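Computed from a predicted model, the values in this text were never measured in an experiment. By convention in this document, chain letters (A, B, ...) are assigned in the order of the sequence lines, proteins followed by strands, and residues within each chain are numbered from 1.
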Protein chains: 2
Amino acid sequence: MTTLAGRASSPTLDEVAELAGVSRATVSRVVNGSPKVRPEARRAVEAAVAELRYVPNRMARSLVTRRTDTIALVLSESDTQVFSDPFFARVVRELSAALADTEMNLVLLAARGEREQEKVGRYVRQGHVDGVILMSLHSQDTLPRILAEAQVPLVLSGRPLDGHPVCYVDADNAGGARAATAHLLVAGRRRVATVTGPRDMIGGIDRYAGYRTALRDAGVAEDPALVAEGDFTEAGGAAAMTALLERAPDLDAVFVASDPMEVGALRVLRASGRSVPGDVAVVGFDDAPVAATSDPPLTTVAQPLGEMTSLMTELLLRQVEGDDEVRVRVCPTRLVVRESA
Amino acid sequence: MTTLAGRASSPTLDEVAELAGVSRATVSRVVNGSPKVRPEARRAVEAAVAELRYVPNRMARSLVTRRTDTIALVLSESDTQVFSDPFFARVVRELSAALADTEMNLVLLAARGEREQEKVGRYVRQGHVDGVILMSLHSQDTLPRILAEAQVPLVLSGRPLDGHPVCYVDADNAGGARAATAHLLVAGRRRVATVTGPRDMIGGIDRYAGYRTALRDAGVAEDPALVAEGDFTEAGGAAAMTALLERAPDLDAVFVASDPMEVGALRVLRASGRSVPGDVAVVGFDDAPVAATSDPPLTTVAQPLGEMTSLMTELLLRQVEGDDEVRVRVCPTRLVVRESA
DNA sequence: ATGAAAGCGCTAACAC
DNA sequence: GTGTTAGCGCTTTCAT
């Protein structure tokens with residue numbers, strides 16, 4: 001009992017060493033799993049550790065190892081609520097899964113607005129984390145630059161808009177959009193519209209580019225009346241679809257550049273009396289399996305989110321281990337045909 | 001240029017001291033804003049800090065101060081996606097707002113499943129944070145106990161189900177539900193149904209209790225056919241509403257225990273051909289301002305989320321400063337009448 | 001007002 | 001295999 005008496009502050013390595021009758025170094029070896037320790041001594045140390053409920057002081061350890069064993073997922077946005085986005089929820093889940101077997105910890109940092117972004121930058125520069133995975137959503141974001149200058153291992157989720165030479169993992173958004181659009185054209189659709197994402201997000205840009213490529217490939221001229229910009233939200237998708245129906249009532253297909261927007265677009269489409277996919281064929285970009293709940297299941301472009309997140313952690317951990325190389329990965333997307341359009 | 005030559009590792013206090021021509025101690029004083037330093041020396045130090053881009057090493061500082069200046073918001077859940085919940089998004093926003101003027105940092109820790117919960121427990125015990133705000137959603141959660149035993153400053157969001165003597169901030173869920181139900185009864189509604197939350201969440205329990213209290217106050221017997229359990233999601237609300245309409249087609253009012261559920265319930269209600277609030281009056285519990293987007297605006301019970309989060313940080317920071325007292329706050333909820341039911 | 005010096009708790013050579 | 005020792009970068013008495 002006396003050993004736990006002064007429980008004001010937690011026990012140190014020395015106290016464990018004394019109780020176990022060995023030196024600090026040996027305790028350290030046991031705690032860090034070094035094999036060069038006699039089983040006998042090891043047991044004594046383990047007993048002492050258990051009795052004192054010893055937990056190593058991270059600050060002391062990090063001060064010498066220069067490692068914190070934690071990485072940050074930072075979410076940079078101007079004002080919108082990333083958190084409500086099921087896509088983001090999935091990324092978090094996949095990331096913690098990827099780190100589950102590691103002894104790496106994952107912390108989330110939210111940076112809305114300039115002040116918070118600077119706070120996050122400071123946090124990172126002070127050495128709280130070994131590396132960061134950055135989800136920066138809009139082009140005018142300053143955080144990518146701040147973090148790049150902080151000299152901290154960094155992996156971007158999504159290709160940076162400014163073409164900065166930085167490590168990133170992206171989905172083949174253009175390829176997926178192209179495949180989706182081509183699928184509609186091949187099925188005989190002649191008036192293929194699109195609900196795009198915002199022009200300042202890489203996903204919106206690339207998916208629109210893919211749509212255009214498919215049209216060009218098929219020798220179809222682009223009709224501005226068939227293009228409406230959305231904002232990746234359900235409401236935005238509904239608004240864009242409404243605009244499309246007004247401008248081009250004869251459209252017979254639509255490629256919707258995101259999941260939530262697809263839900264909104266479908267609602268408007270059905271409310272207008274059109275049947276799906278009878279009158280209008282729809283292909284959506286499946287960020288997260290939201291569409292799976294829509295009825296009936298539609299053809300979608302699937303993102304390999306699991307693969308992407310494990311690649312991001314791999315690339316990041318490599319940098320943490322000292323790899324200087326700037327690596328880039330673009331994961332293939334694939335068209336999942338769920339009905340005959 | 002030579003001063004930035006070896007930019008491999010960041011500059012230390014000594015380097016700044018040498019460049020400024022003062023001692024480490026003085027640099028430390030300047031960096032920490034001590035007033036006991038000659039303006040002249042201060043300027044020299046500031047110049048050196050700027051030139052070297054000096055940033056204090058947090059680990060070294062924390063090792064001696066025993067403070068990290070960061071608190072964690074930990075989200076404990078078994079499997080559901082808290083992240084998709086707009087309520088949670090609002091809490092995060094309010095919390096960072098409350099800490100914006102502080103030099104406290106906020107990190108989010110997601111703990112899904114037992115393994116991650118233990119990882120979070122370890123993270124906290126190792127001294128990475130000065131305190132934690134815990135959003136534990138289900139009753140069988142082990143994290144509250146783990147953290148309580150970790151001796152770390154702790155504030156729960158929501159009253160703990162097991163009545164453990166711990167600091168927490170809660171909304172007056174029972175009072176709000178009671179007011180909502182009473183409002184419906186006073187308006188002359190005779191068949192007041194309810195869509196409850198889960199039985200293992202404090203919010204679900206307390207709001208159901210409030211509903212029952214209101215019935216008892218009015219001398220109305222509770223009818224099991226008028227009670228359906230939801231899961232706080234939109235889909236769950238829709239399912240519960242469907243069940244209610246089947247079991248009690250004559251219901252003329254319903255108290256819905258959460259925002260997303262209200263959206264689902266309204267959809268079902270309207271699809272059934274009933275007018276709202278003509279045929280069926282609806283009052284929902286407004287966790288986040290989702291209902292504001294529903295049409296028409298309905299009467300709701302509003303939670304003072306801003307007040308709650310600032311109370312949580314206040315209570316937590318007090319503990320960090322050494323306050324032992326176990327304090328508890330229950331914030332009043334208020335009925336916002338938006339239409340004549 | 002400033003500097004010298006003593007640690008904070010830990011890891012990592014280095015000797016034995 | 002184990003102990004001794006020297007720091008990691010910082011704050012904080014204590015003299016001056």
Side-chain angles (χ1 to χ4, degrees), chain A residues 6-46 48-49 52-70 103 122 125-128 130 151, chain B residues 6-46 48-49 52-70 103 122 125-128 130 151:
Chain A
R7 43 173 255 287
S9 71
S10 46
T12 74
L13 216 51
D14 296 271
E15 306 181 42
V16 177
E18 187 175 13
L19 181 59
V22 297
S23 75
R24 280 218 307 270
T26 299
V27 178
S28 179
R29 290 193 186 96
V30 171
V31 169
N32 293 301
S34 160
K36 311 178 83 64
V37 165
R38 236 190 17 244
E40 188 183 322
R42 155 163 288 118
R43 273 193 297 277
V45 170
E46 279 164 350
V49 164
L52 295 176
R53 287 177 182 19
Y54 170 74
V55 176
N57 179 322
R58 278 312 304 203
M59 302 310 148
R61 178 186 296 200
S62 292
L63 184 55
V64 31
T65 61
R66 268 56 247 282
R67 293 261 259 138
T68 63
D69 288 345
T70 106
E103 52 185 38
R122 230 175 302 148
R125 263 182 322 202
Q126 286 179 337
H128 279 279
D130 291 339
Q151 305 266 39
Chain B
R7 43 170 257 287
S9 71
S10 46
T12 73
L13 215 50
D14 296 272
E15 307 181 42
V16 177
E18 187 175 12
L19 181 60
V22 297
S23 75
R24 281 218 305 269
T26 299
V27 177
S28 179
R29 291 191 186 97
V30 172
V31 169
N32 293 300
S34 160
K36 309 179 83 63
V37 71
R38 233 188 20 240
E40 188 183 320
R42 156 163 290 121
R43 272 193 298 277
V45 170
E46 279 164 351
V49 164
L52 295 176
R53 286 174 178 26
Y54 170 73
V55 177
N57 179 322
R58 279 309 309 201
M59 301 310 149
R61 177 185 294 198
S62 293
L63 183 56
V64 29
T65 61
R66 274 52 250 289
R67 294 261 258 137
T68 63
D69 288 346
T70 106
E103 51 184 39
R122 231 175 301 148
R125 263 182 323 203
Q126 286 181 155
H128 279 279
D130 291 339
Q151 306 266 41

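Taking 4.0 angstrom as the limit, T12(A) places none of its side-chain polar atoms (N or O) nearer than this to OP1 or OP2 of dG9(C). Close to dG3(D), at under 4.0 Å from its OP1 or OP2, lies a side-chain N or O of T26(A). Distances shorter than 4.0 Å separate none of the side-chain N or O atoms of S28(A) from OP1 or OP2 on dC10(C). OP1 or OP2 of dT11(C) has at least one side-chain nitrogen or oxygen of R61(A) nearer than 4.0 Å. One finds a side-chain N or O of R66(A) lying less than 4.0 angstrom from the OP1 or OP2 phosphate oxygen of dG9(D).
Here the side chains of M59(A) and T68(B) are in contact, with some heavy-atom distance below 4.5 Å.
For R125(A), the side chain to side chain donor-acceptor pair (under 3.5 Å) criterion is met by no residue, not counting sequence neighbours.
Residue order along DNA chain C, read from the 5' end via each residue's closest nucleotide, puts A25(B) first among A25(A) and A25(B). Heavy-atom nearest nucleotides on DNA chain D were determined for R29(B) and for V55(B), and the one closer to the 5' end corresponds to V55(B).
Comparing atom distances between the V37(A) side chain and each of dT2(D), dG3(D), dG9(D) picks out dT2(D) as nearest. Between dG7(C), dC10(C), dG1(D), one nucleotide has an atom nearer to the side chain of R38(A) than all others, and that is dG1(D).
Distance L13(B) CG to dT11(D) P: 6 Å, rounded to the nearest Å. Following rounding to the nearest Å, H128(B) (NE2) and dG9(C) (P) show an atom-to-atom distance of 16 Å. Taking atom CG of residue L63(B) and atom C1' of nucleotide dT12(D), one finds them 13 Å apart after rounding to whole Å. Atom CG of D69(B) is separated from atom P of dT11(D) by 11 Å (rounded to the nearest Å). Remark: P of dC8(D) and CG of D14(B) are 9 Å apart, rounded to the nearest angstrom. dT11(C) atom P lies 14 Å from atom CE of M59(B), rounded to whole Å. Taking atom CZ of R24(B) as the reference point, atom P of dG7(D) lies 13 Å away to the nearest angstrom. One interatomic measurement links the two molecules: NZ of K36(B) to P of dC14(D), which rounds to 15 Å at whole-angstrom precision.
Backbone-only engagement by N32(A) is indicated by non-hydrogen atom pairs under 4.0 Å involving sugar-phosphate atoms exclusively.
Between the side chain of S62(A) and the main chain of R58(A), a donor-acceptor pair closer than 3.5 Å is present.
Shown here for S23(B) and A17(B), the closest heavy-atom pair between the two residues is C-CB, 3.7 Å.
With L19(A) as reference, L52(A) is the one residue of V45(A), D14(A), L52(A) to meet the side chain to side chain contact (heavy atoms under 4.5 Å, CB included) rule.
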